[in-house]
2 protein chains.
Amino acid sequence: MSITADLIRGHTETIILAQLLQHDSYGYEINKAVRQISGNRFELKEATLYTAFKRMEEAGQITSYWGGELTGARRRYYCITDAGRKYYNAQLALWEEAKSILDKLIETEG
Amino acid sequence: MSITADLIRGHTETIILAQLLQHDSYGYEINKAVRQISGNRFELKEATLYTAFKRMEEAGQITSYWGGELTGARRRYYCITDAGRKYYNAQLALWEEAKSILDKLIETEG
DNA sequence: ACGAGATACCTCTCCTGTCAAGGTATCTCG
DNA sequence: CGAGATACCTTGACAGGAGAGGTATCTCGT
């Protein structure tokens, strides 16, 4: 995990929402997906993940329900709401903007 | 100023160092440059700027000296050190990596 | 002569997101 | 029966950002 959190800070919710856009999911699975997609270069820490879930549910971006597992550990599934979709789209646009601004600001060739 | 701070968080020092790479400068001037380069879409808040200066000087990335202004407000100039240049290069590489990872993580087309 | 505004610096204090550490419970496999 | 995986959650501390407040000097218009 080479990427430090501060560079990613503020994107946690967007990362989670991007996963939930594809299908309902739960904490462990989301984290596995993040690790896999990033080629093991980044992961969400559990404490970060669960505090984000709580924050986002309070903000109405996601809802949750217990999965009906008959065996194994129980899972709490999360589902993106319309508000969550809107928030995701807004954050995606902000990321594009931040990216272009930061490229200009920190790359001296510009 | 549409870009929220959390998306930029962790990049403050790199932004400052990128400016100092070009020439010694002082707080107000750096901030003006940042505003101008970003097309007025981003600025460093003064408190953020000056706490960063202090942190970076303690870390040995920059040194400072008072300008010899004979008139007008006094200016404290900052100068990047070799350690600062190394840090900047490392941060730049991390930014490139973070960018590619985040693009994969938050853009659902991938 | 005087006030407004620009230039330029600095600190105090609070807020927020991250995360190390610790905890719970269930299942599988040797 | 113990180790390791799956899966959840909370507490407490930390660090960076920023609102609000403060200082001092110069310029320009009236």
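Quick note on labels: first sequence line is chain A, next is B, and so on, each numbered from 1. Keep in mind that this is a model prediction, so the values were computed, not measured.
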Pairs involving residues 12-40 of chain B, ordered by first then second residue, that meet ring-ring contact (aromatic ring centres under 6.0 Å, His included) (sequence neighbours left out): B/Y26-B/Y77
Name every donor-acceptor pair, under 3.5 Å, that has one atom in a side chain of residues 46-54 of chain B and the other anywhere in the protein, sequence neighbours excluded.
{"from": "B/T51", "atom 1": "OG1", "to": "B/A47", "atom 2": "O", "distance (Å)": "2.8"}
{"from": "B/T51", "atom 1": "OG1", "to": "B/T48", "atom 2": "O", "distance (Å)": "3.0"}

Minimum-distance nucleotide to B/W66 side chain [options: D/dC9, D/dT6, C/dC10]: C/dC10
Sequence-distant partners of B/S100, side chain to side chain contact (heavy atoms under 4.5 Å, CB included), two or more places apart: A/R41
Partners meeting ring pair (Phe, Tyr, Trp, His ring centres under 6.0 Å) with B/Y88 (sequence neighbours left out): none
Within residues 48-57 of chain B, residues whose heavy atoms come under 4.0 Å of DNA chain D: B/T48, B/R55
Contacts of A/S25 that satisfy side-chain hydrogen bond (donor to acceptor under 3.5 Å, both in side chains) - sequence neighbours left out: A/E29
Those residues that, when tested against B/S64, pass side chain to side chain contact (heavy atoms under 4.5 Å, CB included) (two or more places apart): B/E57, B/R76, B/Y78
Per-nucleotide protein contact string for nucleotides 20-30 of chain C (B base, S sugar-phosphate only, - none; heavy atom under 4.0 Å): B-----SS---
Atom of B/R85, atom of B/L21 and distance for their closest heavy-atom approach: CG-CD2, 3.6 Å
Quiz item: A/R9 side-chain donor-acceptor pair to C/dG17 base, under 3.5 Å: yes
Base-paired stems in DNA chain C, each at least three Watson-Crick or G-U pairs under 3.5 Å: C:1-30 with D:1-30
Qualifying residues under salt bridge (charged side-chain N to carboxylate O under 4.0 Å, His left out), relative to A/R74, sequence neighbours excluded: none
Non-neighbouring partners of B/D103 that pass side-chain hydrogen bond (donor to acceptor under 3.5 Å, both in side chains), sequence neighbours left out: A/W95, A/K99
Sequence-distant partners of B/Q19, side-chain hydrogen bond (donor to acceptor under 3.5 Å, both in side chains), two or more places apart: none
Minimum-distance nucleotide (side-chain atoms of A/K32 versus D/dA7, C/dC10, D/dC9): D/dA7
